[in-house]
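Chain identifiers are assigned alphabetically (A, B, ...) following the order of the sequence lines, protein sequences preceding nucleic acid strands; residue numbering begins at 1 within each chain.
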Amino acid sequence: MITILFLFIIVLWWINFTIRITQHARDDQFWYMPWSFLWMSAYLLGWLFMFSHSDIVARFDHVLLSNIDFPLGHFLHLTFVFVYIASSLVVITDRSTLNFRRSIDLLTLTYLIGYGLHFITNDYLMLGWQVAIVNYTFMVIGYVCANIDYRRRHRFPSNSLEIAHGIWYALFSTCFGVGYFGLAVNGFLGLSGVFGGYQPSLTSFAYASIVFGIIFLIIMVQPDERLMRTLYPVRFWQYQRLQRLKVYILSHLDPERQPLAIEDIYLDLDGHIHETIITILDYYLFLDDDDDCKQHLWEIESRNLSLDEMSWQMLFLTFKPALSSK
Amino acid sequence: MKSNSITSHEVRFEQLPASLQADAQRIIAWLKARGIGFDCAETVYRESMTDYTVDEDASQRVNDKLNELGYDYSAYSMEHYIAHVEDFLGRRLELVGMEFTRSTTGACVRTAERDVVFYNDTRHKMLQEHVIIHETAHLLLNHQMMKVSLDNEHSNTSDVYRSLLSRFRSPEPMLTVRDSLLYEVNMQQEGEAEAFAKRFLAQAKAYRKHQYLTEQRNARLFPPFGSAK
């Protein structure tokens, strides 16, 4: 069942990727950074995903190299893991630090040792899985460290597009990380014989997690306009929060200063958010000077952010809903 | 529907809320400094008055005017919009940024040779943009202007500056008599101008957003890449 699901998702991924890459190949901008690197990374992930399932890898070897006892699929898989980890570290982490250089050196050494051992012994499969376990574990640790390092050095996503990409990226990387960690753990159990060896349920869970990861990656690489629509529930929640802020401000005004209560049915969600923020900007200056909300809104307004960025900044304001209006 | 024929909407300068008096003084000083007279404002004022119906579906008036305006939202910029409104109205329209009190986000003034839209340039650019569209909506929708009569003290004893034909965008109540027809007309016209600004900007921003997302081309696919080339 999992194998069939894997094959289905592989087909879905390559159809989606082919469509997107042919769209971008017609675009001159595609040949520049960062797009060229991003899409090559996505391509690599597609191959990595394809060779993650042992049955698929075995069939691949049988079809291509039926007369030779050589785990080509396995080698390709390890190569993709190495290249993907290394490129992620190169891109995401601070390349000037010693930790970064040590990470790359350690990763390369692990990879070369693994390949070397394949040629020294005849036990390809066993050592191949040992190297795979090390690489999987390294990938998870490296990925987590890279993301922590990134978060430390870069600002929090500030607009809707960054947040949309950030949410799907977090889901994709979590599922991939959990899946490969599961494979690593299961490989360790199988090799060591601890707890009875390989756990089929853990294998299924790991593969399912990886499948979800690639689905989230498919969503993430959709055109930005389509991707923004996935953010609609979050944006609706955002609108509700802004409405509560607006009500808080208006409840502290003199009744004579209340704005016109006109519901406009011709506006979409973006229009309603815009309308709410305009009302907030119109009236917050009439709050008491010792109101923290007023101070924070003044700071937000002073930064001259875009409407989208302001709407996210206003979400984190704390205020006590009014018990009764004046 | 109620029909009305409001023939005057006149207030004395002293009847304005204190904060609006300060802002009105700034406007008058600006106009005086440029020698822009109000003396022909009466003519403009008479032209600006129409029989106005207070009805429940005022939004239709707004939609009709937006369609009649025939604006190309894909080309939107403030300069482009102002040029388009000037062509539509057949009158010169000037934008002036000014430091107002918190009570005033914008105002529009009709003079003999031009219309002037004032906006509070100390506030956020998004609010400035909204205010400018709101004020031009009053002109496009041919809303009733408020005639602020200036006594000698405020007009500097010049007949040229006897009255200010204007409209203020302010949370301060402009009229004290709440149950008058004038109040109802004023409130509905403010509502129409706000609706015009919201719908116009919703259209303009939709085009801008589409253009921005197309330019991005998934540039933010992975975290390190924060901006498009």
Inset, instruction - Quick one: pull up CZ in B:Arg208 and OG in A:Ser306 and give me the separation to the nearest 0.5 Å. - result: 10.5 Å
Legend entry - CG on A:Leu281 to CD on B:Gln128, rounded to 0.5 Å: 11.0 Å
Legend entry - Audit row: A:Glu275, B:Glu194, side chain to side chain contact (heavy atoms under 4.5 Å, CB included) steps and yes/no: CA-CA 9 Å; A:Glu275 172 191 38; B:Glu194 274 297 291; over 6 Å; no
Inset, instruction - Among the options A:Asp308, A:Ile277, A:Leu305, pick out the one with the most heavy-atom pairs lying under 4.5 Å from chain B. - result: A:Leu305
Legend entry - Flag side-chain contact, heavy atom, 4.5 Å: B:Arg123 against A:Leu285: yes
Inset, instruction - Identify the heavy atoms of A:Glu301 and B:His124 that sit nearest to each other, and give their distance. - result: OE2-N, 2.9 Å
Inset, instruction - For each of A:Arg303, A:Met310, A:Glu225, tally heavy-atom pairs with chain B at distances under 4.5 Å, and name the one with the top tally. - result: A:Glu225
Legend entry - A:Asp270 and B:Lys205 ion-paired at < 4.0 Å: no
Legend entry - Interchain contact, A:Asn304 with chain B, by part (heavy-atom threshold 4.5 Å): both
Inset, instruction - Start with the C-alpha gap between A:Ile278 and B:Lys198, add the side-chain angles, then the distance that decides, and say whether side chain to side chain contact (heavy atoms under 4.5 Å, CB included) holds. - result: CA-CA 10 Å; A:Ile278 290 291; B:Lys198 283 186 288 189; over 6 Å; no
Legend entry - CG-NZ distance between A:Leu307 and B:Lys125, expressed to the nearest 0.5 angstrom: 15.0 Å
Legend entry - CH2 (A:Trp14) with more than 12 external heavy atoms under 6.0 Å: yes
